[in-house]
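Since we're looking at a predicted model, the values are computed, not measured.
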Amino acid sequence: MSETLLVLLAGVAAGALNAVGGGGTFVALPALVAAGLPPVTANASSTVALVPGSVASAWVYRRDLAPVGDTSTRALTTVSVLGGGLGAGLLLTLPAVSFDAAVPWLLAFATVVLAFGRRVSRAVSEARGHAVGMSPRAVLLGQFLLAVYGGYFGGAVGIMMLAVWSIGLGLDTSTGNPMRVAQITAIYLSATGLFLIASDALGAPRLLVAMLVGAVAGGVAGARIARRLPAWLLRAVILTTAVTMTVLYFLRG
């Protein structure tokens, strides 16, 4: 199989994964590294290539967006843009060794929260006699930190987003999925602007275009499929993706 075809297929898989449950970076990044790109360049290139797919998925989901608690969607998106740009700047200036060491544990935490977050939220609400709810300020702070992570590395940032919203607001994963896609798109767009200016992400245009085309096709198809899935099945797909990516990343580490 040629490198271009491998990257094209990885783009389709990554775009579909990002639309359905997240984790597309874990497919895109290894494919670009296997094709010969240095890790940092591959990370920047995968972000750039996955942007059109994320935009396509967000367009499919545009009528399904639901607010995250009482937080303004405009404020949430602004924070995502700012954090994504900062994270991209950190990728280009800081070593990734210590951060990479923490990623598997972050993923494990996110997976556990996704699996049990709503139950914990309900149990705490019953014990306290009123619903658990993060304040808009807390939601925005959490989103900023996740956006920095997303701009820096991006792996499973959407899974972590759903985990925070689940435990902090009791938000169902199927309800929050369209907003997850929209916020990932904002993070990727911000990071891409910096990568195009300050990195060598355009150094391998053939591979970049192959992944970009694949990601758009996968993003549109994945979003259309996800919109037709029953809520319980979509939750199962997202959780399965989270568990798989966590295990793979621990094995990689």
Side-chain angles (χ1 to χ4, degrees), residues 3-4 6-18 22-55 80-107 110 145-161 183-216 218-219 241 245-246 248-253:
E3 291 177 349
T4 304
L6 171 66
V7 170
L8 175 67
L9 294 177
V12 173
L17 274 174
N18 279 344
T25 298
F26 292 104
V27 177
L29 181 58
L32 290 173
V33 171
L37 296 185
V40 172
T41 301
N43 198 10
S45 297
S46 68
T47 299
V48 172
L50 293 178
V51 163
S54 292
V55 171
S80 294
V81 169
L82 294 175
L86 177 58
L90 292 175
L91 175 68
L92 298 176
T93 56
L94 298 178
V97 176
S98 58
F99 197 80
D100 279 347
V103 168
W105 299 101
L106 292 172
L107 292 178
L145 295 176
L146 288 172
V148 171
Y149 166 80
Y152 185 94
F153 175 67
V157 63
I159 291 172
M160 294 182 184
M161 235 181 264
Q183 295 309 311
I184 287 177
T185 301
I187 292 169
Y188 281 180
L189 281 170
S190 178
T192 291
L194 186 56
F195 288 152
L196 290 176
I197 296 171
S199 78
D200 52 354
L202 299 179
R206 175 173 53 85
L207 297 178
L208 185 66
V209 170
M211 180 156 285
L212 187 152
V213 171
V216 170
T241 302
M245 295 308 161
T246 300
L248 289 178
Y249 213 84
F250 267 107
L251 292 175
R252 175 182 177 272

Query raised in the report: Shortest non-hydrogen contact from Leu146 to Met160?
Result: CD2-CB, 3.7 Å
**Report entry** Polar side-chain atom of Ser46 near backbone of Ala42 as donor-acceptor pair, under 3.5 Å
**Finding:** yes
Query raised in the report: Do the side chains of Val48 and Leu196 get nearer than 4.5 Å, heavy atoms only?
Result: yes
Query raised in the report: Going through the distances and angles, do Asn18 and Tyr188 end up as a side-chain contact (heavy atoms from CB on, under 4.5 Å)?
Result: CA-CA 12 Å; Asn18 279 344; Tyr188 281 180; 4.2 Å; yes
Report summary line: One should read off an interatomic distance between Leu207 CG and Leu212 CG, to the nearest 0.5 angstrom, of 12.5 Å
**Report entry** Donor-acceptor contact below 3.5 Å, side chain Asn43 vs main chain Tyr152
**Finding:** yes
Query raised in the report: If we only count heavy atoms from C-beta on, is the Val216 to Met211 side-chain gap below 4.5 Å?
Result: no
Query raised in the report: Where is the tightest heavy-atom contact between Thr47 and Thr192, given as atom of each residue plus distance?
Result: O-OG1, 3.8 Å
**Report entry** Ser190 side chain to Gly85 backbone, donor-acceptor under 3.5 Å
**Finding:** yes
**Report entry** Counterpart residues, side chain to side chain contact (heavy atoms under 4.5 Å, CB included), relative to Leu17 (two or more places apart)
**Finding:** Val27, Thr241, Met245
Report summary line: Between Gly89 and Thr93, the two heavy atoms sitting closest are O-OG1, 2.9 Å
**Report entry** Any Leu194 side-chain heavy atom under 4.5 Å of Leu92 side chain
**Finding:** yes
Report summary line: Closest non-hydrogen contact found for Leu50 with Ala14 is CD2-CB, 3.7 Å
Distance-only criterion, 3.5 Å: show the donor-acceptor pairs between side-chain atoms of residues 32-41 and protein atoms not counting sequence neighbours.
residue: Thr41; atom: OG1; partner: Asp200; partner atom: OD1; Å: 2.9
residue: Thr41; atom: OG1; partner: Asp200; partner atom: OD2; Å: 3.4

Report summary line: Closest non-hydrogen contact found for Ile187 with Gly151 is CG2-N, 3.7 Å
Query raised in the report: Is Ile184 close to Met161 at the side-chain level, that is, under 4.5 Å between some pair of heavy atoms?
Result: yes
Report summary line: Note: Leu8 and Ala210 closest approach over all heavy atoms is CD1-O, 3.2 Å
